[in-house]
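Inspection log for the structure reproduced underneath, given as structure tokens.
Worth saying up front: this structure is predicted, and the values here are computed from it rather than measured. Note: hydrogens, waters and symmetry copies are ignored here, and every other heavy atom, side chains too, is used. Protein chains get the first letters and strands the later ones, always in sequence-line order, with residue 1 at the start of each.
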There are 2 protein chains.
Amino acid sequence: MTAHTLRYYERVGLIQPVGRAHNGHRRYSEADEAWIQFLHCMRATNMPIREMQRYAELRELGDATSLERRKILEDHQAEIAAQIVALQQAHALLTHKIANYRKIEQRIRINSPALSEPEVDCELAPSA
Amino acid sequence: MTAHTLRYYERVGLIQPVGRAHNGHRRYSEADEAWIQFLHCMRATNMPIREMQRYAELRELGDATSLERRKILEDHQAEIAAQIVALQQAHALLTHKIANYRKIEQRIRINSPALSEPEVDCELAPSA
DNA sequence: GTACATCTTCGAGCGCGCTCCAAGTCAAGA
DNA sequence: TCTTGACTTGGAGCGCGCTCGAAGATGTAC
């Protein structure tokens with residue numbers, strides 16, 4: 001995470017104004033770092049900035065907002081679960097297609113341009 | 001996938017000019033649809049358009065490009081695997097934090113504002 | 001015949017999330 | 001003392017991936 005990004009996060013309210021050294025330079029506390037790490041983790045899993053802003057805002061308001069914050073996290077967790085499923089499906093599809101490419105390469109190596117089997121279109125995804 | 005997106009994909013070369021009805025309207029063949037579905041799957045797993053363009057380009061050149069195409073897919077599959085790991089970690093972290101919120105809510109319900117235990121900072125991620 | 005919907009084209013616009021630049025301040029090292 | 005480098009600020013710019021709008025042609029229903 002670059003300094004530019006940290007400034008940006010501060011500007012848009014994801015990070016509260018942080019402590020400064022005597023010369024005005026920012027000094028991040030361990031709590032700041034933990035929060036930033038959390039933000040990073042949420043961004044890395046595609047939580048929109050808007051949603052993170054909402055969450056940060058509620059966090060400033062204290063424990064009374066626990067329920068709403070929990071809901072945000074639960075929703076995001078559901079999003080993550082869905083993403084994992086999509087990624088796993090794509091992963092499986094790619095395994096299939098990569099194997100197919102290996103077959104094609106094999107066919108080229110042994111100089112056997114045609115298959116007696118019906119042509120395997122490497123781009124056709126299996127229906128599964 | 002919207003019509004706008006399909007036009008866009010055609011413009012940028014992800015889809016070859018497709019067949020037309022007598023009135024000029026596009027008619028997608030089953031092969032077209034399979035290819036588009038594949039594109040969709042790759043986009044849904046965060047393959048950049050540029051990379052898809054490269055792949056599409058090689059695909060036009062036929063079997064001789066099998067090796068390079070395979071490499072693209074293998075790289076993307078590795079990307080996907082990494083994404084899955086990140087998502088799974090975030091999922092676990094959220095499970096932890098959500099449980100923590102439930103505790104806080106419980107504490108509020110039974111009107112017990114303080115814990116004898118050291119304060120649990122709900123934003124601190126577990127080091128794991 | 002006449003609405004109306006649906007397609008066509010091209011180009012412009014937009015939302016997101018950074019990313020960078022310019023000008024200035026300060027601190028330590030040669 | 002002078003250079004260097006790391007920080008400060010505000011605002012502008014950018015890359016990506018769509019997304020939309022306008023103007024026009026065509027087909028279907030009443």
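- For the pair Met42(A) CE and dC18(C) P, the computed distance is 14 Å after rounding to whole Å.
- Each of His40(B), His76(B), Glu79(B) was checked for a side-chain hydrogen bond (donor to acceptor under 3.5 Å, both in side chains) with Thr45(B), and the lone residue meeting it is His76(B).
- The interatomic distance linking Glu51(B) (CD) with dC16(D) (P) rounds to 12 Å, in whole Å.
- Summarising the geometry, the separation between CG on Asn46(B) and C1' on dG15(D) is reported as 16 Å, rounded to the nearest angstrom.
- A cation-pi arrangement is not found for Lys71(B) relative to Tyr101(A), the charged atom failing to lie both closer than 6.0 Å to the ring centre and inside a 45° cone about the ring normal.
- The separation between Arg50(A) atom CZ and dC16(C) atom C1' is 9 Å, rounded to whole Å.
- Counting only distance, with no hydrogens or angles, the side chain of Thr65(B) and the backbone of Glu68(B) share no donor-acceptor pair below 3.5 Å.
- Under 4.0 angstrom from either OP1 or OP2 of dT9(D) there lies at least one side-chain N or O belonging to Arg26(A).
- Under 4.0 angstrom from either OP1 or OP2 of dC20(D) there lies no side-chain N or O belonging to Tyr8(B).
- Remark: Arg7(B) is not in phosphate contact with dG21(D), judged by side-chain N or O atoms under 4.0 Å from OP1 or OP2.
- Phosphate proximity of dA27(C) to His22(A): present, with a side-chain N or O under 4.0 Å from OP1 or OP2.
- Using a 4.0 Å heavy-atom distance criterion, Arg27(B) is classed as making no nucleic acid contact.
- In this structure, Asn23(B) atom CG and dC7(C) atom P are separated by 10 Å, rounded to whole Å.
- With hydrogens and angles ignored, the 3.5 Å screen pairs a side-chain donor or acceptor of Arg69(B) with a backbone N or O of Gly62(B).
- In this structure, Gln53(B) places its CD atom 11 Å from C1' of dG17(D), rounding to the nearest Å.
- Side chain of Asn100(B) to main chain of Lys97(B): no donor-acceptor pair is present (N/O by atom type, distance under 3.5 Å, no hydrogens or angles).
- Distance Tyr28(B) OH to dT8(C) P: 7 Å, rounded to the nearest Å.
- Listed nucleotides dT9(D), dG17(D), dC18(C) differ in distance to Pro48(B); the shortest reach to its side chain belongs to dG17(D).
- Not one side-chain nitrogen or oxygen of His25(A) sits closer than 4.0 Å to the OP1 or OP2 atom of dA27(C).
- Straight-line distance from the CD1 atom of Ile49(A) to the C1' atom of dT19(C): 13 Å, rounded to whole Å.
- Counting any heavy atom pair closer than 4.0 Å across all strands shown, Arg11(A) reaches a base atom.
- Each of His4(B) and Met47(B) was matched to the nucleotide of DNA chain D holding its nearest heavy atom; the match closer to the 5' end belongs to Met47(B).
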